[in-house]
Amino acid sequence: MQLTDVYLGLGSNLGDRHAQLLAAIELLTQRVGRLVRCSSFIETAPWGFVSEHPFLNAVALFRTTLSPRELLTVTQDIERQLGRRQKSNGTYADRPIDIDILLYGDAVIDEPDLKIPHPLMHERDFVMRPLNEIMNH
């Protein structure tokens, strides 16, 4: 069984954001694999839309046997379980939880619904700051 390191971006800007991130990490640990490391939680302004609700963001490193496609299915299931109603299709909105696959080993995938590495992560300080924190740990 091949283990792969996956970096997941987590964000919440509705409800108890801290509890939402902790719940997501717990569910990911149950369904994805071992949590290796998690960044600090950082508060950031919404990106790509206007809202009075700031985000709490983090990046978590997991070790998984799931394929990228299986991982996507699991992360979307967890988002729904935690109250997410729909994924962003170019239009961003407030959300109780957001889980993005940032990196999956050294895989490069470019499919309509699955792009790895995450194509916008380098533009997003709320991803790069916590990612750098745990990569340079």
Contact check, side chains of [X] and [Y], non-hydrogen atoms, under 4.5 Å:
X: Tyr7; Y: Asp100; answer: no
X: Gln81; Y: Ile97; answer: no
X: Pro117; Y: Leu102; answer: no
X: Thr75; Y: Leu28; answer: yes
X: Asn13; Y: Ser51; answer: yes

Practice item. Measure from the side-chain N and O atoms of Asp98 to the backbone N and O of Leu10, and report whether any donor-acceptor pair falls under 3.5 Å. Key: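 No, Asp98 side chain to Leu10 backbone: no donor-acceptor pair under 3.5 Å.
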Review point. Pairs in or reaching into residues 96-122: which pass ring pair (Phe, Tyr, Trp, His ring centres under 6.0 Å), with residues at least two apart or in two chains?
Key: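 Of all non-adjacent pairs touching residues 96-122, none passes ring pair (Phe, Tyr, Trp, His ring centres under 6.0 Å).
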Review point. Crowded around Gln30 CD? As in, over 12 foreign heavy atoms under 6.0 Å?
Key: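 Yes - once you tally the heavy atoms of other residues, nucleotides and ligands closer than 6.0 Å, there are more than 12.
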Do any side-chain atoms of residues 59-69 form donor-acceptor pairs under 3.5 angstrom with protein atoms, and if so which ones, sequence neighbours left out?
from, atom 1, to, atom 2, distance (Å)
Arg63, NE, Asp5, OD1, 2.6
Arg63, NH2, Asp5, OD1, 3.2
Arg63, NH2, Asp5, OD2, 3.4
Thr64, OG1, Val32, O, 2.6
Thr64, OG1, Leu66, N, 3.0
Ser67, OG, Glu70, N, 3.1
Ser67, OG, Glu70, OE1, 3.4
Arg69, NH1, Asp113, OD1, 3.3
Arg69, NH1, Asp113, OD2, 2.7
Arg69, NH2, Glu111, OE1, 2.4
Arg69, NH2, Asp113, OD1, 3.1

State, to 0.1 Å, how close [X] and [Y] come at their nearest heavy-atom pair, and which atoms those are.
X: Ile134; Y: Arg37; answer: O-NH1, 2.9 Å
X: His53; Y: Pro46; answer: O-CG, 3.5 Å
X: Ser39; Y: Pro130; answer: OG-CB, 3.2 Å
X: Ile78; Y: Ala24; answer: CG2-CA, 4.5 Å
X: Arg31; Y: Asp77; answer: NH2-OD2, 3.4 Å
X: Gln20; Y: Leu14; answer: CG-O, 4.2 Å

Check your understanding: Rounded to the nearest 0.5 Å, how far does CG of Asn57 lie from CG of Leu131?
Key ->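 The CG atom of Asn57 is 12.5 Å from CG of Leu131, to the nearest 0.5 Å.
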